[in-house]
Amino acid sequence: MWVINVVGLLFIGLIIWWFWLYKPAAAVDLKNENISIVVNNGIYQPSRIKVVADQKTTLKFIRKDGSLCAATVIFPAIELSAELPLDKEKSIALPALSVGEYAFHCPMKMYSGTLIVE
Amino acid sequence: MSKIRDIHTGNTSQELIIEGASCASCVGKIETALKNIEGVENAEMNFALSTVLVTGQVEADRLIKTIEAAGYQAKSTNQSSDEQLLIARETVDQEYYSRLIKQVWIALGLGVPLMIYSLVGGPMTVDTTLERGIWLVIGLLCAAIMYFAGKHFYIGAWHSFVNHSANMDTLIALGTGTAWLYSMLVVFFPMLFPEMARHVYFEATAMIIGLINLGLALEAKARGRTSDAIKRLIGLQAKTARVVRDKQEVDIPIKQVQLNDIVRVRPGEKIPVDGVVTQGQSSIDESMLTGEPMPVAKTVADKVAAGTLNKSGSILFKATRVGKDTALAQIIKMVKRAQNSKPPIGRLADVISAYFVPAIMITAVVSALVWLNFGPDPALAFAVVSATTVLIIACPCALGLATPMSVMVGVGKAAEAGVLIRNGEALQTASKITVMILDKTGTITQGAPQVTDLLIADKAYTEHYILTVAASLESNSEHPLGAAIVESAVERGLELARVSDFQAIAGQGVTAKLNQHQLLFGNQKLMLENSIDLNDYLDKAQQLASEAKTPMYLAIDNKLAAIISVSDPLKVDSVSAIKRLQANGIRVVMLTGDNRATANAVAKQVGIKEVYAEVLPEEKSRKVAELQAQGEIVGMTGDGINDAPALALANVGFAIGTGTDVAIESADITLMRGSLHGLADAIAISKATLRNIKQNLFGAFVYNIAGVPFAAGLLYPFFGILLNPVIAGAAMALSSLTVVSNANRLRLFKPQEH
């Protein structure tokens with residue numbers, strides 16, 4: 001029985017580490033790479049994007065998922081939201097932002113990403 | 001003031017599609033060519049999309065010709081219209097719905113018979129070889145269902161997992177996956193399990209996938225209705241316009257209407273773009289934009305707005321704003337933006353939902369361990385059931401939907417009443433306002449002063465002569481009261497004379513000479529300083545002031561000739577609207593730059609007890625700050641231009657009576673019609689929306705907090721009840737549907753009749 005308990009506790013530890021403690025992978029730098037953010041299967045790909053501070057930026061999104069949540073992307077800190085048409089690239093012009101991290105997500109937060117401004 | 005959008009300068013932007021620009025160096029060439037055109041403020045080309053965005057007051061034709069001269073092809077576009085976007089979105093949503101319904105049939109097709117079989121007492125256990133064979137077939141069928149009807153959950157869960165995030169898909173995939181995997185292990189290796197634990201749960205997997213898909217489909221339908229208000233606004237846009245080209249009237253698609261085109265609108269037709277009437281007169285129904293039920297009379301030089309309805313006459317007008325620049329397009333944009341913003345009350349749910357799914361996964365593991373350690377036989381089966389049920393019953397969607405759904409409906413509802421709410425925060429704060437500051441001129445009153453009385457003090461002069469002299473003097477001044485006098489003279493067909501030695505004395509009035517006569521026109525102070533004898537006219541003047549009129553004295557050759565009084569009439573429903581605000585427990589305060597006597601008189605008429613008169617524009621924001629320091633949540637209502645700093649400082653700034661001009665950036669809430677009832681409506685709608693959000697959040701929290709312990713088996717020690725995972729699946733599907741339906745209830749909300 002103790003084996004099962006240890007496995008269970010390990011499992012809990014794994015959940016905590018994987019979902020909460022893990023430091024996210026390096027962000028994609030828009031300065032170096034011209035990418036489109038793909039919205040599909042519950043994630044933004046890439047979901048961490050680096051942009052330059054105090055400069056206007058354009059993010060490109062392409063939605064491949066028909067679910068309702070995916071159809072809108074929201075940048076709450078700058079009160080910006082945009083509809084993403086299906087299978088069509090949509091450019092979203094962002095104003096110049098000061099240094100910091102800005103979350104973006106779909107209305108229900110099933111999709112979420114981070115904009116790193118530096 | 002910097003917040004006032006550049007619509008006041010008349011600048012617009014238009015987008016052109018460029019063809020033939022195949023190299024990056026073309027960009028500079030096209031941009032420079034466009035920037036060289038007089039009137040173009042900026043031109044920015046997007047090479048990837050082959051479009052160029054031009055800002056400035058220039059016709060599209062001219063831009064196109066310039067680009068052609070530079071060696072490229074160009075055509076005008078206003079990108080996809082809102083209507084096209086809406087249709088595209090509806091098609092996608094409809095396809096999504098149909099796909100889900102198909103998946104519901106597939107999953108329930110196997111799930112329901114199995115469920116009935118188990119309910120009527122059919123053994124769901126694996127004891128004989130025949131049973132193993134049958135269950136194996138069913139298990140494989142179930143796998144097929146998981147693939148065809150539930151693939152999206154598993155793929156979504158996997159992608160989230162590799163990205164270190166978890167969502168609803170994760171829970172469903174884990175829950176159904178656990179039930180299926182356990183059952184398959186029982187089928188393949190029954191000997192590994194105690195006899196009582198050789199139970200299969202294929203029906204749970206199939207039913208849960210079916211029910212959750214059904215919930216998603218119903219939710220998609222219900223969510224479609226939450227955007228009714230925006231659909232209605234988009235539907236206001238006319239599809240074609242009748243434009244005068246080469247002296248002929250031709251019908252063209254709305255997208256091709258260009259700036260300065262002359263447009264014909266006949267009775268019963270919609271105004272296609274914004275413009276200024278150049279010929280004819282008519283009454284126009286603007287209720288769809290402003291909420292104002294009475295049609296508005298329009299004649300030459302009056303503005304008309306896209307989406308409004310021409311009722312009576314045929315008019316010609318010049319297009320001043322087209323495509324995405326029309327007031328209607330701006331309203332749609334603003335409502336859309338506000339619908340997707342979140343009031344602070346929703347932030348708690350956001351914080352919780354960030355930790356929710358992993359926390360539920362941990363709860364499921366803990367629940368399974370507790371059953372394995374302390375549960376009765378078959379502990380293993382109980383552990384699997386409780387873990388599956390915990391995973392399935394938890395509903396992060398209800399938490400996530402609670403706030404946005406209500407905001408969506410509330411903001412749309414407000415737009416229908418002619419109230420534009422900038423964002424979720426304004427919506428929430430408006431529901432908590434304790435003090436409402438109202439500017440007098442243009443807010444409580446009509447903002448259009450009129451001459452009300454003309455008292456002749458010196459019988460040597462006629463009324464016409466006095467009015468001619470006063471108007472001739474005031475035509476040199478910029479004072480709003482002076483404008484009323486000039487207008488009155490013009491209305492009576494009087495011809496103004498040219499005055500000399502004109503001088504304006506701040507805070508007093510004006511002086512000038514006319515045909516060697518010395519003229520003085522202004523307030524009491526001006527008269528006293530020039531030693532003019534006012535005799536018994538002082539009493540009469542005071543009497544006028546107490547009636548909310550502003551008396552102005554005219555002296556000719558140092559002798560009082562007449563008193564002209566000007567007053568700014570109250571809006572017809574100011575009294576009832578202010579009563580409505582007060583009845584809602586809001587302390588109403590009046591703020592004005594006007595003199596104390598007039599201010600007090602107006603306040604008395606409308607039933608306001610607290611008045612601050614003779615307040616300079618820059619002092620208005622100080623007053624807002626003072627009230628805030630007293631701990632009040634301050635709403636400030638003004639015209640949005642003179643009051644911009646005070647509006648920006650107030651907890652909620654309301655800009656009023658801008659008609660179809662929606663460009664007021666300093667206001668949190670814009671009231672499109674002049675009536676103060678819009679203010680009471682705005683507050684009523686925000687209160688109703690906040691109440692709705694609280695109901696949703698309460699429901700979602702209670703559901704998750706109560707549902708999860710039940711699922712884990714909390715009732716078992718006391719009542720011997722363990723929740724069936726299928727019921728958990730149905731409950732989960734229902735919980736988010738309940739939230740969406742409750743938000744939809746807001747659509748029926750009606751602000752108090754007035």
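Just so it is clear, the model here is predicted, and its values are computed rather than measured. The sequence lines fix the lettering, A, B, ..., with proteins before strands; numbering per chain opens at 1.
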Can you say whether the rings of A:Tyr22 and B:His164 are parallel (under 30°), tilted (30 to 60°) or perpendicular (over 60°)?
parallel

With chain A, the option among B:Val357, B:Asn167, B:Asp169 that has the most non-hydrogen atom pairs under 4.5 Å is B:Asn167

CD1 (B:Ile155) and CD1 (A:Ile43) are apart, to the nearest 0.5 Å, by 11.5 Å

Heavy-atom closest pair (B:Leu369 atom, A:Ile4 atom, distance to 0.1 Å) is CD2-O, 3.8 Å

Residues passing the ring-ring contact (aromatic ring centres under 6.0 Å, His included) test with B:Phe382, sequence neighbours excluded, are B:Trp371, B:Tyr716

Bottom line for B:His159: the part with an atom under 4.5 Å from chain A's heavy atoms is both

Most contact-rich option vs chain B, by heavy-atom pairs under 4.5 angstrom, among A:Leu9, A:Ile15, A:Val7, A:Asn40, is A:Ile15

Rounded to the nearest 0.5 Å, the OG1 atom of A:Thr72 sits from the CE atom of B:Met408 at a distance of 7.0 Å

- Task: Kindly check if the number of other-residue, nucleotide or ligand heavy atoms within 6.0 Å of CZ (A:Phe11) is above 12?
- Result: no

Here the gap from A:Ile16 atom CD1 to B:Met361 atom CE, rounded to the nearest 0.5 Å, amounts to 11.0 Å

Shortest non-hydrogen pair, A:Trp18 vs B:Val162, comes out as CZ2-CA, 4.2 Å

Contacts of B:Ser406 meeting side chain to side chain donor-acceptor pair (under 3.5 Å) (sequence neighbours excluded), chain-then-number -> B:Asn692, B:Asn696

Whatever's closer than 4.5 Å to a heavy atom in chain A on B:Phe153 counts as neither

CG of B:Leu401 to SG of A:Cys69, rounded to nearest 0.5 Å, is 8.0 Å

Okay, A:Phe19 and chain B: the region with an atom under 4.5 Å from a heavy atom over there is both

Smallest heavy-atom separation, B:Ser160 atom then A:Gly42 atom, equals OG-O, 4.0 Å

If one checks every heavy atom of B:Pro358 against chain A at 4.5 Å, the contacting part turns out to be both

